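Quick notes on the structure that follows.
These numbers come from a predicted model, not from an experiment.
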Amino acid sequence: MPLDPKIADRLKRTPDGLVPAIVQQYDTGEVLMLAWMDDEALHRTLTTGRATYWSRSRRSYWVKGETSGNTQRVRHAALDCDGDTILLKVDQVGGACHTGDRTCFDAAPLEVAT
């Protein structure tokens, strides 16, 4: 089955058909990662409750944690007001980053002038 047309009609995709997905820990709001989804990845995510993304480098779908065991169970999904970003609130098991870090933003914090 394709993505619900009510959702698909709201999406504003990049020229290659993708929408960025911001992923947060559902209970703390911690930002874990950014990934990419197309209509099929979003459909799979919404119908299975397992975070599914499109890999731009491998050009294939991947279910978070399928090989690493670091799974994401989706608790909430929403589109932003413009329909150009997806927000997933997940229950993250293990590290979210492919490096093993808790988040993809742990390794390289930037200094900010105050």
Side-chain angles (χ1 to χ4, degrees):
M1 285 183 81
L3 182 62
D4 182 334
K6 292 177 190 171
I7 299 169
D9 290 346
R10 290 184 55 203
L11 291 177
K12 291 183 185 163
R13 300 159 191 83
T14 63
D16 51 355
L18 301 175
V19 178
I22 298 169
V23 185
Q24 287 183 299
Q25 175 63 33
Y26 82 96
D27 54 353
T28 66
E30 177 183 30
V31 178
L32 301 171
M33 58 184 276
L34 179 133
W36 295 92
M37 301 178 107
D38 64 4
D39 288 25
E40 179 63 24
L42 181 55
H43 172 72
R44 290 181 189 188
T45 297
L46 296 175
T47 57
T48 67
R50 298 173 65 204
T52 304
Y53 304 108
W54 175 256
S55 170
R56 295 180 302 165
S57 59
R58 294 186 304 257
R59 305 203 47 79
S60 62
Y61 295 102
W62 55 284
V63 177
K64 182 66 177 158
E66 198 166 55
T67 57
S68 69
N70 298 332
T71 60
Q72 292 177 344
R73 262 301 184 206
V74 178
R75 296 292 204 87
H76 176 81
L79 293 177
D80 75 343
C81 58
D82 296 324
D84 63 2
T85 305
I86 298 163
L87 174 64
L88 295 181
K89 293 185 179 185
V90 303
D91 187 7
Q92 176 71 47
V93 174
C97 187
H98 72 283
T99 65
D101 285 342
R102 171 71 183 162
T103 84
C104 293
F105 302 100
D106 285 345
L110 304 174
E111 290 187 35
V112 178
T114 55

Using distance only, find each side-chain donor-acceptor pair of residues 84-96 under 3.5 Å and give its atom names and separation, not counting sequence neighbours.
unit_1: Q92; atom_1: OE1; unit_2: Q72; atom_2: NE2; d: 2.9
unit_1: Q92; atom_1: NE2; unit_2: T71; atom_2: O; d: 3.4
unit_1: Q92; atom_1: NE2; unit_2: G94; atom_2: O; d: 3.4
unit_1: Q92; atom_1: NE2; unit_2: G95; atom_2: O; d: 3.3

Worksheet item: Considering all heavy atoms of both residues, which atom of L34 and which atom of P20 are nearest to each other, and what is their separation?
Response: CD1-CB, 4.2 Å

Discussion item. Using only atom types and a distance under 3.5 Å, with no angle test, would you say the side chain of D106 pairs donor to acceptor with the backbone of T103?
Written reply: yes

Item to complete: For the residue pair Q25 and R102, confirm or rule out a side-chain donor-acceptor distance under 3.5 Å.
Response: yes

Worksheet item: Is there side-chain contact between L11 and L42, with at least one heavy-atom pair below 4.5 Å?
Response: yes

Discussion item. Would you say that L18 contacts Y53 through its side chain, given a criterion of any heavy-atom pair below 4.5 Å between the two side chains?
Written reply: no

Worksheet item: Between R13 and D39, does a salt bridge (charged side-chain N to carboxylate O under 4.0 Å, His left out) hold up when you go through it step by step?
Response: CA-CA 9 Å; R13 300 159 191 83; D39 288 25; 2.8 Å; yes

Worksheet item: Are any non-hydrogen side-chain atoms of R44 and L46 less than 4.5 angstrom apart?
Response: no

Fill in: Shortest non-hydrogen separation from W36 to T14 and the atoms involved
CZ3-CG2, 4.0 Å

Item to complete: Could you grab the distance from atom NZ of K64 to atom CE of M33, nearest 0.5 Å is fine?
Response: 5.0 Å

Worksheet item: Okay, side chain of R50, backbone of V63: is any donor-acceptor separation there less than 3.5 Å?
Response: no

Worksheet item: Are W62 and V23 connected in a single hydrophobic cluster, I mean Ile/Leu/Val/Met/Phe/Trp/Tyr linked by side-chain heavy atoms less than 4.5 Å apart?
Response: yes

Worksheet item: Heavy atoms, side chains only, cut-off 4.5 Å: are Y61 and D38 in contact?
Response: yes

Practice prompt. Would you check if the side chain of D101 reaches a backbone N or O of C104 as a donor-acceptor pair within less than 3.5 Å?
Written response: no

Practice prompt. Tell me, with the steps shown, if W54 and M37 meet side chain to side chain contact (heavy atoms under 4.5 Å, CB included).
Written response: CA-CA 5 Å; W54 175 256; M37 301 178 107; 5.9 Å; no

Item to complete: Test V31 against F105 for side chain to side chain contact (heavy atoms under 4.5 Å, CB included), laying out the working first.
Response: CA-CA 8 Å; V31 178; F105 302 100; 3.7 Å; yes

